[in-house]
Amino acid sequence: MDYKKTLNLPRTKFPMKANLAQREPRQLAEWEKMGLYERLRRESAGRRRFILHDGPPYANGHIHMGTALNKILKDFIVRSRQMAGFDAPYVPGWDCHGLPIEHNVEKELGRRKQTMGQAEIRRECRKYAEKFIDIQRNEFKRLGVLGDWDNPYLTMSYRYEATIARECCSFAMDGSLYRSKKPIHWCCSCQTALAEAEIEYADETSPSIFVEFEVVDDLGGVNPALAGQKAAVVIWTTTPWTLPANLAVALHPDFVYAAVDVGREHLLILAKELVEQCMATFGYEKYSLVCEFGAAELEKKNCRHPLYDRNSLIILAEHVTLDTGTGCVHTAPGHGREDYEVGLRYGLDVYAPVDQQGRFTEEVGHFAGQMVFEANAAINARLKELGVLLAEEKIEHSYPHCWRCKRPVIFRATSQWFISMEKNGLRKKALEAIDRVSWIPAWGRERIYGMIENRPDWCVSRQRAWGVPITVFTCAGCGALVIDRQVVKRIYELFLQNGADVWFEKDTRELIPEGLSCPECGGSRLQKETDILDVWFDSGVSHAAVLEARDDLRWPADLYLEGSDQHRGWFHSSLLTAVGTRGQAPYKAVLTHGFVVDAEGKKMSKSLGNVVAPKEVINRYGAEILRLWVSASDYRDDIRISDNILRQLVDAYRRIRNTCRFMLGNLNDFDPRSDCVDYGKMEDIDRFALHRLRQLMEKADRAYENFEFHVIHHSLHNFCAVDLSAFYLDVLKDRLYTSAPRSQARRSAQTAIYHILDTLARLMAPILVFTAEEIWRYMPDDGRKEASVHLAGMPPARPDWTDDELARRWEAILEIRSLVTKALEQARADKLIGHSLDAGVTVGVDKQRFELLEPYAGQLRSIFIVSQAELVRGPVEDALVNHEDRVYVGVRPAEGEKCQRCWVHDPTVGADGSHPGICSRCIGQLAEAESR
RNA sequence: GGGCCUGUAGCUCAGUUCGGUUAGAGCGCACGCCUGAUAAGCGUGAGGUCGAUGGUUCAAAUCCAUCCAGGCCCA
């Protein structure tokens, strides 16, 4: 007789091979069809909300691993909060305006651009953004990210644009918005401002000159040796044309400076360390150091400008170096970024007497009208004539050029709009707001605090086409800013109807409310501003445009979650716009993740060739593996990805999947409605399994709460591999397979398995969205089974499953079991046995263990998966294992024949004439099976 | 150059807050078993000078300093 047919072997259609890349798209289509997201919203209406506000990715290009990481993490959080009992909507968004899109559109248009108006270019940009929103939306959905994909927020939607304008006006209304000059990259031939991204660096030969700046003040106070002495500070520059705009000379506060006697009527002052080198350059063979002093001694002393009748102030600045030059830096706040910054600190004018075409204005006297680069020679000649030019050389260095015309660009101060950090106490309020936010990890607080503390006023204007205009008017007469409540309201409504395009399409008269005039001079000739806003302002007001505006959301958000670069970006701009207009941060907590790096921890770059694209991983392994990768990593640091790492995750995935598959196979004939065994009547080991399960639940619960997904991954995997596969399920096979199908012993095991599987499916659902659903579909229905695991909740707490006393006993058993397996392995190596069922073991233990194990003596053979197990007190003869003289394990070949049915060796095999090949236990179980 | 952060077995992570027995886990690897989870399952084993150096201490993966490597943001 073939006894195999009398066994209850696992049976399931749940496939062993996941085939994720093929299966996932079908599953996604099913969720879409059943309207999973909408259904979740309906079913959780009225629950406590959890709002994770999505930071908008830029609508350009395909998603990369970093964006995938970010969206998957958000999905973990939204889904786990949802399952924990919240109403957790997820509204994704896109950042649509800005230079990169405009830039790409310009490239695509090529020459055609010349013939197009701004409105037309804006239309092209809009189309471009729409195209990539569609692409990215599909890519995000493919990752299994659940959200309101049909109603995302777009920073270019009319409503959003109207909000941007309104929020900008809000800063204008309270006086925070002001106009001032600031140097920016400027292309003289294209006559346009350039962003950093539009600059190409190339080698360029420039003049390199050393110029004396005569010191006006007496330096006797600095050092007695200088009393009554004439002296000149020596500066070095590669842009002689910026000298007419010189307002200061900067020294480094930490450097030592020296006064050098070169045999002329005045001393030369420069950094001590550079004296020797400079003297060689100037051609002075004989010279002597008169004295030396710290830079601070010279601070706020005055020099005379070599060309003009005005002073140049000596100031201190950290950006001064000893690499080249003299350690004394010519400073023109209108023509240099650092010059500008330090100039602000000393209250210097942002002076730039250069027009749009790069020509000197009338103010500079006899260089007026000259192109600045061409004026270099004339300026040098003039300096030489005045006897202040110490040396003139040529230097080859990297210099910024225009990406379009390839000509060298200049730094030129132009009129820009700023939001003041001080005027209305924005900095102070923002710093206070930071401390009311929970930063995860905690160092996020230091990071953003330092940035807010030190940042200059926010320059919000850009001279570009694709964006939202700074919707203010200025008086043509007096230049005053003209804005009032009526203006704000009218612009908001116009934008709501027509988008920001209306600002460019209509002229000023059509935009302003009737009768508006300048509050300063009463003039009625007004001009609309044509600069657009920094895109960081766009996304920065998403809290107003999205959280406040949508009924399904709420202000402030519970959480913002982005990469750690956003302390400078979106967290920062959102904080400023929210604090500036509403007095507090738009988020209660901010969570940051690191960057995706390669196997060596290096950043991904095309040139290194170490870029891993999400699409490749999805096609090869499935989005589920990508999600598992995110869950396995501690994302607070940078996280590594490589083929090796992914292969490891595929293995981990297989282990989880197969363990669940095995459990499904054993629930094949189990109906939870009728077959569940009461907890109190369950076998000890089954209750121990539930105890362990409860520990896992609690751990996972805490981990989800704290967004520590890697803890869940490791616990889940460990539970499947160690607690279940290697121990519990392995031990259970005998009972599940050989017991009568409906016996209480078997139902007890099935009850435990059922609870375990139900719990695991729910616990893994936020992470392994596809697999959890697949398991769920195959699970027996208890009559309350939701249509999708994602409509189900987290497993309810089961304090009744905790039994510490029981656990203590079983942990002791497990300790003995590991000693038994060691002994069995030894016996196997000695060719005494093959399968563990070929063996009988004798376990000798001390008194304490004996008392603990004695009640389980009858079960030991099944726990150890051997044919016979004997428990004795004290040492065992010929023990293969002797553990600290407390536990002995002896192994011998099992007695009796191997039962054809249960494979256990037993002396009773052959005793029954009708079933000569099987043991008495099996005969009993067969009889029981038939009687039911 | 500055601010913030990271560095524990081949890989992913515990342990570091508040120093204290031979630094843990899983995977992978090696070897073996099984063939009733089978493109599965079980067992055993080998892997670490805790990035480096110096210091504090009776005692350092843990505290301090410097350096090296890497990341983000500035310059």
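Lettering follows sequence order; numbering is per chain, from 1. Computation of the quantities below employed the complete heavy-atom set of this structure, encompassing side-chain atoms and omitting hydrogens, waters and symmetry-equivalent molecules.
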Pair partner, B/A52 [Watson-Crick or wobble, under 3.5 Å]: B/U66
B/G24: syn or anti, per glycosidic angle within 90° of 0: anti
From B/G36, B/G71, B/A37, nucleotide with atom closest to A/V597 side chain: B/G71
Distance-only donor-acceptor check, side chains A/R892 and A/T842, under 3.5 Å: yes
Complement of B/A46, any strand, by Watson-Crick or G-U distances under 3.5 angstrom: none
Any strand: nucleotide that pairs with B/C72 via Watson-Crick or wobble, under 3.5 Å: B/G3
Minimum-distance nucleotide (side-chain atoms of A/R568 versus B/G36, B/C13, B/C73): B/C73
Worked verdict on A/D435 versus A/Y449 for side chain to side chain donor-acceptor pair (under 3.5 Å): CA-CA 9 Å; A/D435 282 331; A/Y449 197 94; 5.0 Å; no
N/O (side chain, A/R455) to phosphate O (OP1/OP2, B/A75) under 4.0 Å: no
Face-on cation placement of A/K733 at A/F662 ring, 6.0 Å and 45° thresholds: yes
Charged N-O contact under 4.0 Å between A/D643 and A/R647: yes
Sugar-phosphate, base or nothing in reach of A/R447, heavy atoms under 4.0 Å: base
Check: A/W458 ring centre within less than 6.0 Å of A/F418 ring centre: no
side-chain N/O A/R654 vs B/A40 OP1/OP2, d < 4.0 Å: yes
Of A/D638 and A/V711, the one whose closest RNA chain B nucleotide lies more 5': A/V711
Side-chain donor-acceptor pair present, A/R901, A/T6, cut-off under 3.5 Å: yes
Pair A/Q900-A/D2, side chain to side chain donor-acceptor pair (under 3.5 Å): steps then yes or no: CA-CA 9 Å; A/Q900 299 294 298; A/D2 182 5; over 6 Å; no
Any donor-acceptor N/O pair, A/R636 side chain to A/P441 backbone, under 3.5 Å: no
A/T12 (side chain) and B/A37 (base): donor-acceptor pair under 3.5 Å: no
Pairing partner of B/U35 (Watson-Crick or G-U wobble, both distances under 3.5 Å): none
A/W903 ring over B/G36 six-membered base ring, under 5.5 Å and 30°: yes
Aromatic ring pairing A/F670/A/Y754, orientation class (parallel under 30°, perpendicular over 60°, tilted between): tilted
Nucleotide-resolved protein contact map, nucleotides 23-33 of chain B, B/S/- at heavy-atom distance under 4.0 Å: --SBSS----S
Distance below 4.0 Å between A/K4 side-chain N/O and B/G36 OP1 or OP2: yes
Close N/O contacts between protein and nucleotides 15-18 of chain B (under 3.5 Å):
none

Any A/K733 side-chain nitrogen or oxygen under 4.0 Å from OP1 or OP2 of B/C42: no
Touch class at under 4.0 angstrom, heavy-atom based, for A/I645 against every strand present: sugar-phosphate
Pair assignment for B/G24, Watson-Crick or G-U wobble, requiring both distances under 3.5 Å: B/C13
Short side-chain donor-acceptor distance under 3.5 Å, A/Y340 and A/H335: no
OP1 or OP2 of B/C42 under 4.0 Å from side-chain N/O of A/S725: yes
Side-chain donor/acceptor of A/R640 to base of B/C11, under 3.5 Å: no
